[in-house]
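One structure below.
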Amino acid sequence: MAGDVIDNARQERTKLPPALACPPGAGAVADEAGARRVGRGAAAELFDHGPVLLCHASLTARRLGLEPPPRSPDRLDALELFAFVRPARFCAPSPVGLSLALGKAAPVSVEDQARALREAAFDLLAELADPAYPDRETAVTHALTLERAHWGWAPHVLAALNSQPVRERKYRGAGLDVWTRLPEWEDEAPTGDPGSRPVDSESVRIRLEKLLQNAGLDEARPSQSDFAAQTAYVFAPRDQKDQPRVLLAEAGTGTGKTMGYLAPASVWAERNKGAVWVSTYTRALQRQIDREAHAVWPDPVERKSKAVVRKGRENYLCLLNLQDMVQASALGNADAVGVALAARWALYSRDGDMTGGDFPGWLPGLFAVGAGAQAGPANLVDRRGECVHAACPHYRTCFIERTVRASRRADLVVANHALVMTQAALDGARRARGREADAETALLKRIVFDEGHHLFDAADSAFSAALSGQEAAELRRWVRGPEGRGRRGRGLEQRLGEMVAEHEAARQALSDAVRAAAALPGEGWSGRIAPPSGEASPMGPVERFLAAALEQLRARAGAVSTEFGMECEARPATGELIATAREAAQAIAAVEAPLLALARGLEDVLDDEADELEPASRARIEGALRGLERRARMTLPAWRQMLAALDQPDEEQSPDFVDWLSADMAFGRVADAALRRHWIDPTVPLEAAVIQPAHGVLVASATLSDPAAEDAFGLARARTGSARLIEPPREIRLASPFDYAANARVIVVNDLVRDDPRQIAAAMRELFMAAGGGALGLFTAVRRLRAVYELLGPKLAQAGLPLYAQHVDPLEVGALVDIFRAEEDSCLLGTDAVRDGVDVPGRALRLLCFDRVPWPRPDLLHKARRERFGGRSYDDALARGRIAQAFGRLIRRADDRGVFVLLDAAAPTRLFAALPEGVEPLRMGLAEAVETVEAFLNPSPLIGDGSGVGVVPQQV
């Protein structure tokens, strides 16, 4: 019976339009008659006029030199069909990715991709027609809603769904009120502080063996077992207050450090009934750790309660925002199809995570939809701190609240550096005023910082301050609410008015804050301080200050600024800047004072009505206080201090900070201007807020030490906040088990002019083609990346090698990496974000090419740090670390083979000291490098080891 149904569904193939696949440089169409190549003009004609079946309409349009298209019933995007049929399921957004997601072999030729795209659509529709398809009634309701929104797939989807019996209903709702069908979270009594039972190394080794067996792996490698045993040190009870047990652990790629620290972490959590926080820098590693937790808790139901992925509030779907967008879509003010598909995803999502979770990040960008109408993270998460907490009608089903409560009861919380530091800083401020820390982050007693080499940068971001046009405008919106037509959001009066209605002082403070916030930048501020005409017309004291800052920037910004925007030292400030800074400081103080009064008023309510407040009301006030404390006690005072410092003599300036002016540029225009303040050494607040209060801290990375330094871990101690601890950290270093000498080559090309994009593009073209694809090109500047892409793309397309690029293709970094991983012979260009987020084992990454030595950007902040941390040796250490991190992306498994190429003849020999033992960099010309790459990655059976017979390059 099921087979007959699927056969009937497959008969729908005659009703589907032809499928168009357009990898770079080629196009193919597949229909009932078969697949055939078509020229660019014919492909563009079919794309424009349809009907046509596509995979990622916006990316296809870019390949054809067209503008992103609006959604049309004549353009069927298979990715939207996938999002409907398999909500909250992974798929790389390409024909290859679709095939792999459906369990099919990866199509190779462009004709195969067109056929695969068509077959994917048939398979998905057949899946809907299968009697076993889950929750058919809900799917029918959603499909009918999408049909009313003129979704091109709706007739096909309904035909497939209705091939099975569906209950007749006189009335069906839209089905988009998914918040009514989500499970409610249940609060529980506090768990109390964890115990202090130690973890011994023998128990850890035994647990590691068990975890490896659960994962279906062989026994632990000696280095992995040693790593796990030594990390037990951080899980022993500390002996003195503010003296945590800290371990700096460098474990080379392939050591198995994730399972190595999960072993002692799970033993400690089991014995002491507490949570271990594992903090990462990238979302990719958060997902990886979450996957590996299945070895600790094989039962998925148990794992769901034991292991929780935790991110900042701005990552999760806000159900109230979703409700607002559902209502807006009914009035034609939002993308109705996108809203319906997002609502369908929410019903099946594991945790509502829209950034790196199970939300398809490519979904909002498939078609041309206005920024305010897109049903994506930009409009559906709580980015502006407007949450009304317990006053929200969806509070009991809120994804964020459920995740926070789950983390309080979990054994393992997989978080990120930014969340850990931001929460710790806020809790430190609360404790300083005698208030309790947040119930969740009060459990930050045992912390594992994976990707520990990023700890310094994460602290730098978390403990810095910026008075910018965008930040000030966001603060105005947070206080006053949206002031433009059709804008969604809630101001302080809407969020707090009811709570303070019977408290005169708090009510007056709220009114004063709303009135004072009108002095902050409002709608259209950027066009007033930096209009295309050049005649600034700022409104209000803060806008006048930003306009004066731009004048000083234009007068003093140096050559370093041209590529990245503008920057200059804040002092000595011009007379105009000082005058406007005084006015801006007064305006900010006028906002700060009533916000502080409002916070005190809410604290009084908590104290005076402690025996009367319902739990929901208490939770609502506590939530409001967190937002007020962050802004009134942290952000606004920092802004005032920065402004006041502009008029202070040099001898009164703090030696711990760097202040400067900056402007961000976009398409040749000023997008934002700011006065910035950063710690020269951000590990000072990192140590105080995070490291010292903890009982045990493990900082782990594959690239933590600097082998070229006399003290290999000296800089690591300085950049992790452990150098100043009374109890010095322990240090271990375990080499990778991989045979890099046999499986990797490092080449420095020494006959190119690195500042000539044509030469760099030509070099990458020949190297990428010699490798047969599977190549990653890394750039230290977006401008050079784009220039090389324009020169490189057509040539690679002619060779049948797809090329993707960050900052060029209409996809987020994660989706680009997903495609690169799925398409084994594709090529990808990117910057630091790609280097840090790539985990591509196997042949999909076999060549990594750096355009030049990744020196740190010589901006004002780095100059101050270079002076503090060791001058030239500091620059060298950072560059060595980046080279080592990039090289570590290349070999991810024991059987991987790869070539690392640096297109910079000036690369100093000393920078390669961080490479694994046995890997000697080879200097040679481009022609020789191409031969070496081809011979090594595609060895002839006649050439034994494929090392490049006949090539005798000079060793550095």
Side-chain angles (χ1 to χ4, degrees), residues 199-236 245-268 276 278 280 285 288-289 291-293 295-296 448-453 696-708 712-713 716-717 720 729-744 839 841-842 880-881 884-898 913-919:
V199 175
D200 60 281
S201 59
E202 187 59 30
S203 297
V204 170
R205 292 184 193 270
I206 294 171
R207 176 60 58 87
L208 177 61
E209 292 291 342
K210 181 181 178 182
L211 299 189
L212 293 173
Q213 290 173 10
N214 290 344
L217 301 173
D218 296 332
E219 64 181 17
R221 294 180 290 271
S223 59
Q224 184 182 32
S225 183
D226 290 344
F227 173 82
Q230 293 197 56
T231 57
Y233 167 74
V234 305
F235 295 99
R245 292 173 172 263
V246 178
L247 175 65
L248 306 181
E250 178 174 281
T253 304
T255 304
K257 68 177 184 298
T258 303
M259 207 73 82
Y261 60 64
L262 286 180
S266 60
V267 172
W268 182 87
V276 175
V278 177
T280 76
L285 187 56
Q288 178 185 325
I289 295 169
R291 288 194 300 268
E292 295 199 29
V296 186
V448 175
F449 285 112
D450 206 337
E451 299 179 302
H453 57 277
V697 178
L698 169 63
V699 181
S701 170
T703 56
L704 201 58
S705 69
D706 182 7
F713 278 91
R717 288 193 297 273
T720 58
R730 289 189 181 181
E731 298 150 6
I732 60 172
R733 187 180 180 193
L734 299 168
S736 170
F738 296 156
D739 187 354
Y740 288 106
N743 293 339
D839 183 16
R880 266 193 298 271
Q885 291 150 26
F887 179 84
R889 303 291 96 192
L890 192 59
I891 306 293
R892 309 298 292 172
R893 300 188 310 209
D895 58 349
D896 282 357
R897 289 171 69 85
L915 294 177
E917 186 176 349
V919 178

* Would you please test T720 and F713 for side-chain contact (heavy atoms from CB on, under 4.5 Å) and show each step? => CA-CA 11 Å; T720 58; F713 278 91; over 6 Å; no

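Using modelled atom types, no side-chain atom of S203 and backbone atom of V199 make a donor-acceptor pair closer than 3.5 Å.
Counting only N and O atoms by type, the side chains of Q213 and E209 include no donor and acceptor under 3.5 Å apart.
Counting heavy atoms from C-beta outward, F227 and L208 have side chains that stay 4.5 Å or more apart. Looking at R207 and V204, their side chains never come closer than 4.5 Å, going by heavy atoms from C-beta outward. Side-chain contact between L211 and V296 is present, with heavy atoms from C-beta onward closer than 4.5 Å. Side-chain contact between L212 and Q224 is present, with heavy atoms from C-beta onward closer than 4.5 Å. With contacts defined as side-chain heavy-atom distances shorter than 4.5 Å, the pair T255/R221 does not qualify. The shortest distance between side-chain heavy atoms of F235 and V267 does not fall below 4.5 Å.
Nearest heavy-atom pair, T703 versus Q885, reported as atom, atom and distance to 0.1 Å: OG1-CG, 3.1 Å. Taking each heavy atom of Q230 and I732 in turn, the nearest pair found is OE1-CG2, 2.7 Å. Taking all atoms of both residues into account, the shortest heavy-atom contact from S701 to G452 is CB-N, 3.8 Å. When every heavy atom of P264 is checked against every heavy atom of A228, the shortest pair comes out as CG-O, 4.0 Å. Listed here is the closest heavy atom pair of R245 and A236: CD-O, 3.3 Å. Between P737 and T253, the shortest heavy-atom distance links the atoms CD-O, 3.6 Å.
Sorted by first and then second residue, the pairs that involve residues 246-259 and meet salt bridge (charged side-chain N to carboxylate O under 4.0 Å, His left out), not counting sequence neighbours, are E250-R733, K257-D450.
Here E451 pairs with T282 under the side chain to side chain donor-acceptor pair (under 3.5 Å) rule; sequence neighbours left out. Under the side chain to side chain contact (heavy atoms under 4.5 Å, CB included) criterion, I891 pairs with F738, Y740, A744, D896, not counting sequence neighbours. With sequence neighbours excluded, the residues satisfying side chain to side chain contact (heavy atoms under 4.5 Å, CB included) with A708 are D706, R880, A913. For R205, the side chain to side chain donor-acceptor pair (under 3.5 Å) partners two or more places apart in sequence, or in a different chain, are S225, D226. Under the side chain to side chain contact (heavy atoms under 4.5 Å, CB included) criterion, I206 pairs with E202, not counting sequence neighbours.
Separating the CZ atom in R893 from the CG atom in N743 is a distance of 12.0 Å, to the nearest 0.5 Å.
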